[in-house]
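A quick write-up on the structure given underneath.
Below, chain A is the first sequence line, B the second, and so on; all start at residue 1.
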Number of protein chains: 2
Amino acid sequence: MKRRNTIQKELILNAVKRLHSHATAEEVYAEIQKEYPSIGKATVYRNLKLLSEDGQIKRIEFPCESERFDDTCSDHYHIKCEKCGKIFDVDMDLVSGLTDKIKDKHGFTFNSYQIVFKGICPNCQ
Amino acid sequence: MKRRNTIQKELILNAVKRLHSHATAEEVYAEIQKEYPSIGKATVYRNLKLLSEDGQIKRIEFPCESERFDDTCSDHYHIKCEKCGKIFDVDMDLVSGLTDKIKDKHGFTFNSYQIVFKGICPNCQ
DNA sequence: CTCTTATTGATATAGAATATCAATAAGGAA
DNA sequence: TTCCTTATTGATATTCTATATCAATAAGAG
Ligand SMILES: [Mn+2]
Ligand SMILES: [Mn+2]
Ligand SMILES: [Zn+2]
Ligand SMILES: [Zn+2]
């Protein structure tokens with residue numbers, strides 16, 4: 001099935017880029033409703049998924065959190081402020097070598113890992 | 001509010017210990033129903049939360065997954081097999097020094113971090 | 001044993017994300 | 001441009017996980 005370009009898809013992509021890099025689907029929906037009130041919530045959820053599958057945005061999964069979407073697609077980590085709830089980028093080199101440490105011992109075929117940080121952001125201190 | 005000992009609480013704790021270390025609330029519920037059919041689902045969810053707050057079991061949060069409960073309370077990592085979906089313990093030393101790397105640059109008060117691995121387990125290869 | 005109240009369990013509720021499906025519109029072909 | 005196929009939309013229903021509500025029950029201190 002060939003993908004088609006729609007006004008909705010473009011609005012959604014632009015909203016993700018505008019909304020501080022880590023918006024939820026609901027936040028994207030609310031943002032777009034301002035300029036395009038007729039958009040459906042299902043369309044937003046659907047396209048956010050499609051856009052992340054196509055690599056145009058990055059889907060961020062947090063434990064016990066609703067999914068978020070990042071316009072920065074390169075590999076990087078995130079930290080959640082436990083006070084204000086905001087998600088920030090972590091400016092840190094990628095941790096390497098983690099894969100080998102467990103492959104040896106148990107015979108896992110290792111695919112990926114994810115690190116999630118928690119703390120208090122400078123603004124909330 | 002002083003905590004009381006109940007049959008249900010004990011059944012739930014024992015079920016967690018019996019069920020391969022990483023059971024979901026639904027799995028614990030199904031397991032207990034065999035011997036104690038009258039137990040309520042809310043009671044299972046409630047006590048799993050209480051037990052983890054009291055440090056008797058450990059609550060494991062996976063992104064986009066239902067919560068799981070581990071009778072091993074010491075700090076360790078987990079890997080999820082992307083084929084069978086099972087969660088395994090990762091036999092690896094704790095990664096240290098991650099906290100300092102980000103504190104310096106952005107002024108975060110660092111509280112915790114979580115690493116989640118994904119791969120294919122030996123059985124599924 | 002008695003009494004206070006923590007706990008139970010049936011049920012309702014909340015929240016996130018996907019499924020359904022008739023109506024619409026993107027975009028290739030003529 | 002016009003026609004046609006079908007991907008996409010948007011209203012709505014559904015699924016799934018977890019928590020909230022609340023009358024009835026029972027733990028356990030006195
Ligand atoms: Mn980011
Ligand atoms: Mn474990
Ligand atoms: Zn903050
Ligand atoms: Zn497996």
Presence of [X] side-chain N/O under 4.0 Å of [N] phosphate oxygens OP1/OP2:
| X | N | value |
| --- | --- | --- |
| A/Asn5 | C/dG27 | yes |
| B/Lys49 | D/dA18 | no |
| B/Tyr45 | D/dT19 | no |

Under 4.0 Å between any heavy atoms, over every strand shown, what does A/Tyr36 touch: base, sugar-phosphate, or nothing? Just pick one.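 Touches sugar-phosphate only.
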
Heavy atoms under 4.0 Å, any strand shown: does A/Ser38 hit a base, just sugar-phosphate, or nothing?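 If one applies the 4.0 Å heavy-atom cut-off, A/Ser38 turns out to touch the sugar-phosphate alone, with no base involved.
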
Could you label the plane-to-plane angle of the B/Phe108 and A/Phe88 rings as parallel, tilted or perpendicular, counting under 30° as parallel and over 60° as perpendicular?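 Plane angle over 60°, so perpendicular.
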
Check the distance between [N]'s [atom2] and [X]'s [atom1] and give it to me in whole angstrom.
| X | N | atom1 | atom2 | value |
| --- | --- | --- | --- | --- |
| A/Leu48 | C/dA16 | CG | C1' | 13 Å |
| B/Lys2 | D/dG28 | NZ | P | 12 Å |
| B/Glu26 | D/dT19 | CD | P | 12 Å |
| A/Asn47 | C/dA26 | CG | P | 13 Å |
| B/Ile7 | C/dG9 | CD1 | C1' | 14 Å |
| A/Lys41 | D/dA11 | NZ | C1' | 12 Å |
| B/Gln33 | C/dT8 | CD | P | 16 Å |
| A/Glu67 | C/dA17 | CD | P | 4 Å |

Pair B/Asn47, B/Gln8: side-chain N/O donor-acceptor within cut-off below 3.5 Å: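 Their side chains do not contain a donor-acceptor pair, so the 3.5 Å distance test is not met.
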
Answer yes if the side chains of B/His76 and B/His78 hold a donor-acceptor pair under 3.5 Å, and no otherwise.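 A pair is found: one side chain offers a donor N or O, the other an acceptor, under 3.5 Å apart.
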
Residues A/Lys118, A/Glu65: salt bridge by 4.0 Å N-O rule: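 The answer is no: the pair does not qualify as a salt bridge.
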
With nearest nucleotides of DNA chain C determined for B/Cys64 and B/Gln8 from heavy-atom distances, which residue corresponds to the more 5′ nucleotide?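 Comparing both residues, the 5'-ward one is B/Gln8.
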
Do B/Arg46 and C/dG9 have a side chain to base donor-acceptor pair shorter than 3.5 Å?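 Counting by modelled atom types and ignoring angles, a donor-acceptor contact under 3.5 Å is found here.
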
I want to verify a distance call: between [options], whose nearest atom is closest to the [X] side chain?
| X | options | answer |
| --- | --- | --- |
| B/Arg59 | D/dG10, C/dA16, D/dT19 | D/dT19 |
| B/Arg4 | D/dT6, C/dT8, D/dA26 | D/dA26 |
| B/Thr43 | C/dA17, D/dT12, C/dG9 | C/dG9 |

What is the distance from atom OG of B/Ser21 to atom CG of B/Asp71, rounded to the nearest 0.5 Å?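 With rounding to 0.5 Å, OG (B/Ser21) is 4.0 Å from CG (B/Asp71).
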
How do B/Glu65 and B/Thr6 order along DNA chain D: which one's closest nucleotide is nearer the 5' end?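 The answer here is B/Glu65.
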
